[in-house]
*Asks:* 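Sharing a structure here in structure tokens format.
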Amino acid sequence: MQARGVALTALALALAPAARAAVVRVGVMANGELLIGTLLALRHVREWNGTIVPALGALADCPLELQARAVVGTSARVASEALLAYIAGVNTFGWQVVVGPETSGAAAPIALLAGYLDTAQVGFATTSPALDNVATYKHFSRVVPSDEAVAASVGAYVRACGWRRMGIVHVADLFGIGYAQTLGRWCAEHGIELVAASFELADPTTINVALRALGDVRIIAAVGQQDDWRLLVDAARQLGMIGGGYHWVLGGTFIGSPALPDELARLLHGSALVRVAGGRNGQRAWEALKAAWASVGDDEVNALLGDAGWAARSGSGEMISQALAMRAPEDDWVAFAYDATVAVALAACAPGLGEARGTFPGGAALTAGIGRLGFAGASGDVYFDAQGSRAFNAVAVVLENLRWAPSPDGGGGGALERVREMGEHTPGSGWALSPSFVYADGTSTRPSDGKPPSASPRAARGAGGARAAGGAAPVSYTHLTLPTKRI
């Protein structure tokens, strides 16, 4: 342990930025719409424009200047690449604060190192409960709640629908494991039988095995990263585990994932999407953000990336181009990206900083300052719990209904639409559910959580499949750290 401490100290000395600076240097790790959301916030901080966040308009006397540089693509969401990008940002640009990255798995190693370097990190899409460990992730805060809240809402949704048996299939990363563990505890406390299985990121073989391990479960929660959804739906189609007689409850990362081909998208008709809402239509701040969206141009993106050739980049460049072409953002989590950036400015300009106001006060001080904030943001009222996460009662967990809308030309195509306002979960009050939710069979009659018909295509399974949940043996978990039994 002593050798490890010496090594980390040496690394910290090698990478640590200056303790104080005339400006605050910010690293942004985001893609597409989320990147544009942070860019818009950076502009409004520069202008002290309080159109979206009124508190900004009261800071015109603060000498703060945010100097930002962004990384995109897999460097904003894959752990190994994000960590290297962070180290490079500290070394070459002097990053003192990081806004992002997009995944919990990528955020964790950065948050760990930030504690040694006395830098700060503000998350806008990183929801793993593991990141609430303030002893490990000392300088981490986030404007989204942890999945402790969302997973409990999924369990409460299942219970409110009258089901007492469900399964979860999830990616085996920090995000997916934390989500499943939280759901497992909630189900155990509330009498819901849960069968859980995990898979490796974007791996069709382990996805197939995980789905088989759910046995004859009909109510299936699915938690994956953006690259997992096509593989999950396709595997469920091959196994006969989607469509009539089944109900899928999808995690929020489904939004923004690559579009599914029609033959797979139509299978999600009648599925549920349970997610934390970011910006909400009709709310003043979100409407103001949408109105300002079209004002963002190529030159601002070029400057943020430090590369005039961003549009030529494959993948990330295309996502940015699509975001700029939109009249308004489609992903309401843009509001979280905006608020995370604004939180940095509000904390750095806090009156209590004295002569340090408008400069970088150090990672510990800035993180503590963010934790003390309370402001009206693009995503609603923003305030934090003792772990530095967005307080659960400061956001809304909502239910959306996925419905397949056939093309009006009768050509066989169509679109998978998100029908919103299907329900909302309030802590202490439970779910308020709409009676007009449409399930996979096209009706509003909830499917059973019992065994599917014996004629199911899954009846003949290979030797590699797990035994059915209703059998004498427990389900075997390949990755999940929950007990290897039904809970």
Side-chain angles (χ1 to χ4, degrees), residues 15-30 34-72 85-86 88-100 114 117-124 139 141 143 289 292 295-308 310 337-373 375 377-378 382:
L15 299 180
R20 290 274 170 85
V23 297
V24 176
R25 296 185 177 90
V26 179
V28 175
M29 310 182 87
L34 298 173
L35 179 75
I36 305 304
T38 62
L39 195 155
L40 189 59
L42 289 166
R43 183 210 294 173
H44 286 175
V45 169
R46 186 169 63 250
E47 299 170 348
W48 298 122
N49 183 334
T51 303
I52 297 172
V53 176
L56 282 181
L59 295 177
D61 63 334
C62 181
L64 171 71
E65 178 187 353
L66 293 184
Q67 290 185 357
R69 183 62 53 84
V71 295
V72 295
Y86 167 72
V90 171
N91 271 331
T92 61
F93 195 70
W95 286 357
Q96 297 160 315
V97 186
V98 170
V99 176
L117 302 183
D118 197 31
T119 60
Q121 182 181 9
V122 188
F124 53 77
H139 298 170
S141 55
V143 296
L289 191 154
S295 67
V296 178
D298 292 357
D299 290 344
E300 288 179 282
V301 177
N302 289 344
L304 184 60
L305 295 178
D307 180 1
W310 63 267
Y338 183 96
D339 287 344
T341 310
V342 167
V344 174
L346 295 180
C349 288
L353 291 175
E355 293 182 0
R357 187 169 182 253
T359 68
F360 180 62
L366 188 67
T367 302
I370 289 173
R372 291 191 293 268
L373 290 176
F375 64 96
V382 181

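Just so it is clear, the model here is predicted, and its values are computed rather than measured. All residue numbers in this chain count up from 1 along the given sequence.
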*Asks:* Test your reading of the model: is there a side-chain donor-acceptor pair from Gln121 to the backbone of Ser141, 3.5 Å cut-off?
*Replies:*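 It does not hold such a pair.
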*Asks:* Counting distance only, does the side-chain N/O of Asn49 pair as donor-acceptor with the main-chain N or O of Leu56 below 3.5 Å?
*Replies:* no
*Asks:* Specify the closest pair of heavy atoms between Ala68 and Val28, including all atoms of both residues, with the distance to one decimal.
*Replies:* CB-CG2, 4.5 Å
*Asks:* Could you pull out the closest heavy-atom pair between Ala30 and Val72, with the gap in Å?
*Replies:* O-CG1, 3.2 Å
*Asks:* Just by distance, no angles: are the side chains of Thr92 and Arg69 close enough, under 3.5 Å, to form a donor-acceptor pair?
*Replies:* no
*Asks:* Are the side chains of His139 and Thr119 in contact, using a 4.5 Å heavy-atom criterion?
*Replies:* no
*Asks:* Nearest 0.5 Å, what's the CD-CZ distance between Gln67 and Phe93?
*Replies:*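 The CD atom of Gln67 sits 5.5 Å away from the CZ atom of Phe93.
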*Asks:* Do Thr341 and Phe124 pass the side-chain contact (heavy atoms from CB on, under 4.5 Å) test, and can you show the C-alpha distance, the side-chain angles, and the key distance before you say yes or no?
*Replies:* CA-CA 9 Å; Thr341 310; Phe124 53 77; over 6 Å; no
*Asks:* What distance do Glu47 atom CD and Leu42 atom CG have between them, rounded to the nearest 0.5 Å?
*Replies:*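 Those atoms lie 11.0 Å apart.
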*Asks:* Between Leu366 and Ala348, which heavy-atom pair has the shortest distance, and what is it?
*Replies:* CD1-N, 3.7 Å
*Asks:* Determine, stepwise, if the pair Asp299 / Asn302 fulfils side-chain contact (heavy atoms from CB on, under 4.5 Å).
*Replies:* CA-CA 5 Å; Asp299 290 344; Asn302 289 344; 4.1 Å; yes
*Asks:* Does a side-chain heavy-atom distance below 4.5 Å link Leu59 with Val45?
*Replies:* no
*Asks:* Hey, are the side chains of Ile52 and His44 touching, using non-hydrogen atoms and a 4.5 Å cut-off?
*Replies:*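 They are in side-chain contact.
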*Asks:* Quick one: closest heavy-atom pair of Gly123 and Ala340, and the distance?
*Replies:* O-CB, 4.2 Å
*Asks:* Indicate yes or no: at least one non-hydrogen side-chain atom of Ile36 is less than 4.5 angstrom from one of Val301.
*Replies:* yes
*Asks:* State whether the side chain of Gln96 and the backbone N or O of Arg25 hold a donor-acceptor pair below 3.5 Å, judged by distance alone.
*Replies:* yes
*Asks:* For residues Val344 and Phe360, determine if any side-chain heavy atom of one lies less than 4.5 Å from a side-chain heavy atom of the other.
*Replies:*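 Counting from C-beta outward, Val344 and Phe360 never come under 4.5 Å.
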*Asks:* Before you tell me yes or no, could you show the steps for Leu373 and Val382 under side-chain contact (heavy atoms from CB on, under 4.5 Å), namely the whole-Å CA-CA distance, both residues' side-chain angles and the distance that decides it to 0.1 Å?
*Replies:* CA-CA 8 Å; Leu373 290 176; Val382 181; over 6 Å; no
*Asks:* Is the backbone N or O of Ala378 less than 3.5 Å from a side-chain atom of Asp339, with the two atoms forming a donor-acceptor pair by type?
*Replies:* yes
*Asks:* Measure the spacing between CG of Asp61 and SG of Cys349 and express it to the nearest 0.5 Å.
*Replies:*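 Answer for the CG-SG pair, Asp61 versus Cys349, is 8.0 Å.
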*Asks:* Could you walk me through whether Leu304 and Leu35 satisfy the side-chain contact (heavy atoms from CB on, under 4.5 Å) test, starting with their C-alpha distance in whole Å, then the side-chain angles of each, then the deciding distance to 0.1 Å, before giving a yes or no?
*Replies:* CA-CA 9 Å; Leu304 184 60; Leu35 179 75; 3.8 Å; yes
*Asks:* Considering non-hydrogen atoms only, spot the tightest contact between Cys62 and Gly358 and give its length.
*Replies:*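 Looking at all heavy atoms of both residues, the shortest contact is SG-CA, 3.7 Å.
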*Asks:* Check Ala343 against Ile370 and note the closest heavy-atom contact, atom names and distance.
*Replies:*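 For Ala343 and Ile370, the tightest heavy-atom pair comes out as O-CG1, 4.0 Å.
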